[in-house]
Amino acid sequence: MPFPDKTTDLAAAISKIGDGARVMIGGFGVPGTPFTLIEELVRQGPRNLTIIKNDANEPGMGVDWLLQAGLVKRLITSHVGLNGNAVRMMNAGEIEVEFVAQGILAERIRTAGAGLRGFVSDIGVGTLLAEGKKRIEIDGETLLFEPALEADFALVHAATADTFGNLAYVATARNFNPLMAMAAECTIAEAEDLVPLGGLAPDAIHTPAPFVDHLVALPPELMEVYGVVKR
Amino acid sequence: MPFPDKTTDLAAAISKIGDGARVMIGGFGVPGTPFTLIEELVRQGPRNLTIIKNDANEPGMGVDWLLQAGLVKRLITSHVGLNGNAVRMMNAGEIEVEFVAQGILAERIRTAGAGLRGFVSDIGVGTLLAEGKKRIEIDGETLLFEPALEADFALVHAATADTFGNLAYVATARNFNPLMAMAAECTIAEAEDLVPLGGLAPDAIHTPAPFVDHLVALPPELMEVYGVVKR
Amino acid sequence: MSSSAKQRMLARAARDILPGMTVNLGIGLPTQVMAHVAPDCPVCLHSENGIAGVGGLTAPGREDRNLIDAGGGYILCAAGGSFFDSAVSFALVRGGRLDLTLLGAFEIAANGDLANWIIPGKFAAGVGGAIELAQKARRVGVLTTHTDKHGNPKILERCTLPLTARGCVDRIYTDMAVCDVRPDGLHLVELAEGVELAELRFATGAPLIVADGPIPRF
Amino acid sequence: MSSSAKQRMLARAARDILPGMTVNLGIGLPTQVMAHVAPDCPVCLHSENGIAGVGGLTAPGREDRNLIDAGGGYILCAAGGSFFDSAVSFALVRGGRLDLTLLGAFEIAANGDLANWIIPGKFAAGVGGAIELAQKARRVGVLTTHTDKHGNPKILERCTLPLTARGCVDRIYTDMAVCDVRPDGLHLVELAEGVELAELRFATGAPLIVADGPIPRF
């Protein structure tokens with residue numbers, strides 16, 4: 001039984017992303033951030049993007065490239081503390097920022113990926129973070145409804161992929177990547193290592209290929225931004 | 001950094017399960033069913049159990065041992081079609097059966113494991129399966145609330161475990177096991193292969209050890225019921 | 001249903017399995033469709049117990065005790081296949097990543113309603129994964145004998161049994177015909193070899209819309 | 001806070017990390033507690049970006065670019081450690097599998113309310129994982145200087161800042177004291193070496209309940 005080959009050209013994959021798209025971007029800090037896909041997105045320059053990412057990376061890295069290029073209208077994130085530029089743009093009203101508690105962000109993304117409408121939790125009840133959220137009464141207790149968070153595109157970074165689009169991540173570079181890969185209409189993955197079918201053990205695959213639409217193989221020499229951050 | 005050794009004696013692990021306990025049991029058909037833990041549960045014989053399992057196995061296997069021994073009060077399951085004995089007991093009123101759509105069952109269990117109260121979906125709207133379920137109005141659409149399904153104990157079967165309780169499953173023996181391992185107050189795992197700390201690659205662990213309370217190493221020679229079913 | 005009619009039905013359904021699709025085949029007749037798909041057609045077969053990339057049935061004596069499909073048959077995993085838990089498996093179904101499912105039926109209505117899990121008082125072994133497959137696969141085909149064992153139509157104006165899902169069926173494959181569910185009703189798409197239109201109408205419990213001109217055969 | 005007072009505070013907090021616990025240490029002061037836990041104490045360190053089994057910080061030059069903690073520090077993974085996605089990571093937190101978290105604070109109230117993520121108009125970089133850690137860890141400790149940099153109390157009758165979570169704090173470790181939040185109020189548990197009770201009361205913005213008899217020192 002053969003499987004489709006989903007490898008494609010970087011520019012062609014990213015060209016599908018147009019103005020106003022909602023784009024999820026994997027990664028927590030540097031690990032798992034698809035810098036090559038982001039760089040190409042900046043080069044092609046669609047505007048008014050809604051970006052969904054755990055954090056805003058650091059100045060001069062990843063999401064910050066999109067911010068500096070003025071392509072971002074709205075950022076849905078858990079924390080931007082390591083990017084002073086994002087904080088400045090938020091305070092100046094140059095971007096809208098929606099803060100979501102980190103695990104709730106992860107779960108809202110997963111919920112979209114699971115084809116469900118939302119979930120109900122007690123996280124944030126009685127705090128500022130509950131404001132504006134729909135209340136649900138369950139067994140006499142007032143809880144919060146958290147809607148599924150889906151996107152048009154997910155950009156994810158994998159350590160290894162086969163040509164069908166099965167993905168494996170390493171270490172803490174996994175983070176939001178497998179969740180986002182499930183939650184978007186179209187998932188574009190970049191992979192450091194491309195292997196033939198059967199090159200990944202089926203028990204060790206983190207994202208099954210049916211969730212992946214397009215696959216971009218990274219060059220053997222990665223951009224410096226993927227490396228250890230010198231602080 | 002050392003970690004606790006969670007290996008324990010089979011009888012001691014199962015002795016924690018008392019009358020009236022809610023017990024999740026992993027497995028889909030034979031693969032992933034913890035037959036050794038079930039056999040010991042039958043031997044110790046707590047009564048009025050609520051059993052949560054995808055299916056009722058087949059006559060003379062696994063869950064059927066619990067049914068035949070009269071230990072089951074209520075069965076929460078997706079399908080019992082391969083066990084005519086379960087169907088007979090259900091029709092005779094000897095056990096209560098709650099049928100849940102398979103993916104909704106998986107998700108309700110996972111939702112408990114994720115510390116959330118429930119989720120909202122459109123699965124089953126307008127059918128018999130929606131009866132008795134709480135309705136939630138979202139953006140003018142009537143959807144169903146599915147409550148988290150938690151248990152006192154989860155009995156799971158792993159292919160490999162380290163002494164800390166990290167678990168790896170093989171092939172389609174994974175199924176409900178990792179979900180149930182997260183969803184119970186106390187998780188008891190049986191493992192075919194016990195390896196020292198570091199014997200499992202951290203990227204290939206399916207259930208992280210913090211979810212596992214007790215670990216029972218299986219003998220090298222497995223009971224015949226674990227083998228290929230001859231029909 | 002004659003053996004040749006059955007084979008024609010299976011082969012006809014197989015022709016709608018297109019390269020690149022991720023497909024789930026229900027237990028029973030639908031599972032048998034795979035034998036009619038060209039071996040070089042790139043199709044990913046999903047089974048809801050946690051595999052994408054079923055590589056066919058295992059030869060007797062070569063079974064892997066840990067590797068079954070949702071019907072309990074021992075299967076192979078193709079190179080490029082993956083294993084996952086039951087939550088991910090149904091995320092794939094509900095999340096829109098399943099291009100096609102072929103299911104069995106007790107009854108199908110002209111509006112696409114499907115009943116295939118319970119006959120009150122007679123058969124109620126649980127809904128399994130059917131409801132999510134029927135409601136959420138991007139395309140739902142039903143594979144069934146055109147009439148039940150008493151000769152009564154299984155395609156009706158309205159289902160009499162409790163539904164699996166409302167308005168979910170796109171196409172019906174039987175030993176007599178291929179029919180499509182469209183907003184204006186049930187359309188005849190193809191007629192099986194040797195079946196007359198009048199005979200088909202008699203065996204169908206709902207009005208059939210038939211286009212002008214010759215009816216394609218399969 | 002003098003260096004020795006800080007070290008005493010860290011060492012005191014470390015004594016409440018017990019064998020067998022799964023623990024999450026917040027960014028900043030809490031992270032530094034680990035250096036005071038006995039190396040042979042079986043503790044599983046969780047970091048919310050997706051690891052259970054942090055094995056300490058990496059030696060400079062030996063960093064793995066893919067292996068960080070939630071604060072961005074390069075870490076090691078101990079033998080027996082595991083990696084997982086962000087949904088599983090917070091499932092572990094919210095599902096009750098995190099025995100203890102130690103967090104920083106802007107303000108703590110005598111009823112256990114915690115404010116540690118936003119100072120309206122000044123600091124609002126996002127809540128990150130704090131809210132779920134604070135609300136759902138089985139036990140929540142706060143590690144903080146007893147007063148802010150202007151000498152104002154951080155322990156108050158009621159928080160003035162937006163809360164991270166209500167009534168979540170079990171124990172407070174500062175450079176001056178260890179205090180417990182109990183239903184009847186804030187209890188002094190231990191007094192730091194060299195700190196007088198009157199001095200502590202002056203630096204604390206809420207009534208302190210002090211048991212009869214000598215106050216243990218740390």
Side-chain angles (χ1 to χ4, degrees), chain B residues 26 28-32 54-56 58 77-84 86-87 90-91 97-111 113 121-129 131 159 169-180 206-207 222 226-231, chain C residues 27 47-51 54 58 60-75 77 81-95 113-115 117-118 120-136 161-168:
Chain B
F28 188 120
V30 165
N54 174 63
D55 55 88
E58 301 178 38
T77 186
S78 88
H79 199 274
V80 297
L82 290 180
N83 188 345
V87 174
M90 172 177 72
N91 290 339
V97 176
E98 177 185 343
F99 287 125
V100 184
Q102 198 169 102
I104 298 299
L105 181 64
E107 203 65 31
R108 286 181 58 192
I109 293 166
R110 188 196 168 278
T111 297
S121 98
D122 64 349
I123 296 296
V125 168
T127 76
L128 188 65
L129 280 155
E131 279 180 21
Y169 312 98
V170 294
T172 58
R174 192 180 322 179
N175 55 68
F176 283 75
N177 281 298
L179 311 172
M180 291 177 169
H206 297 127
T207 294
L222 291 177
Y226 287 100
V228 170
V229 182
K230 309 289 180 198
R231 291 198 182 87
Chain C
I27 298 166
S47 192
E48 62 267 32
N49 58 322
I51 174 172
V54 176
T58 315
R62 305 292 302 268
E63 297 93 346
D64 176 342
R65 66 185 164 91
N66 289 308
L67 186 39
I68 62 172
D69 63 17
Y74 289 93
I75 55 172
C77 178
S82 55
F83 301 121
F84 33 79
D85 68 42
S86 296
V88 170
S89 192
F90 281 91
L92 190 154
V93 174
R94 289 186 311 256
D113 288 356
L114 173 67
W117 79 276
I118 185 171
K122 278 196 189 163
F123 179 86
V127 70
I131 188 168
E132 287 151 287
L133 290 165
Q135 196 176 327
K136 291 297 181 177
L161 295 170
L163 298 184
T164 305
R166 291 192 179 278
C168 65

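Predicted, not measured: the structure shown is a model, and the values here were computed from it. Note on naming: letters A, B, ... go to the chains in the order of the sequence lines (proteins, then strands), and numbering restarts at 1 for each one.
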>> Between Ile123(B) and Ile131(C), is there a side-chain heavy-atom distance shorter than 4.5 Å?
In response: yes
> Going by heavy atoms in the side chains, are Arg174(B) and Val88(C) under 4.5 Å from each other?
Replying inline: no
Hey, what do you get for [atom1] ([X]) to [atom2] ([Y]), rounding to the nearest 0.5 Å?
{"X": "Asp122(B)", "Y": "Gln135(C)", "atom1": "CG", "atom2": "CD", "result": "5.0 Å"}
{"X": "Ser47(C)", "Y": "Phe28(B)", "atom1": "OG", "atom2": "CZ", "result": "7.0 Å"}
{"X": "Arg94(C)", "Y": "Ile104(B)", "atom1": "CZ", "atom2": "CD1", "result": "5.0 Å"}
{"X": "Leu129(B)", "Y": "Leu163(C)", "atom1": "CG", "atom2": "CG", "result": "10.5 Å"}
{"X": "Leu128(B)", "Y": "Leu161(C)", "atom1": "CG", "atom2": "CG", "result": "11.0 Å"}

Part of [X] within contact of chain B (heavy atom distance under 4.5 Å):
{"X": "Ala70(C)", "answer": "both"}
{"X": "Phe90(C)", "answer": "side chain"}
{"X": "Ile118(C)", "answer": "side chain"}
{"X": "Ala165(C)", "answer": "backbone"}
{"X": "Thr164(C)", "answer": "backbone"}

> Are His206(B) and Asp85(C) close enough, and set up right, to give a side chain to side chain contact (heavy atoms under 4.5 Å, CB included), and what steps lead you there?
Replying inline: CA-CA 9 Å; His206(B) 297 127; Asp85(C) 68 42; over 6 Å; no
> Between Arg65(C) and Leu222(B), is a side chain to side chain contact (heavy atoms under 4.5 Å, CB included) present by the stated rule, with each step listed?
Replying inline: CA-CA 12 Å; Arg65(C) 66 185 164 91; Leu222(B) 291 177; 3.7 Å; yes
> Under a 4.5 Å heavy-atom cutoff, which of Gly128(C), Gly50(C), Ala134(C) has the most pairs with chain B?
Replying inline: Gly128(C)
Contact class of [X] relative to chain C, heavy atoms under 4.5 angstrom:
{"X": "Leu179(B)", "value": "side chain"}
{"X": "Leu105(B)", "value": "neither"}
{"X": "Val100(B)", "value": "backbone"}

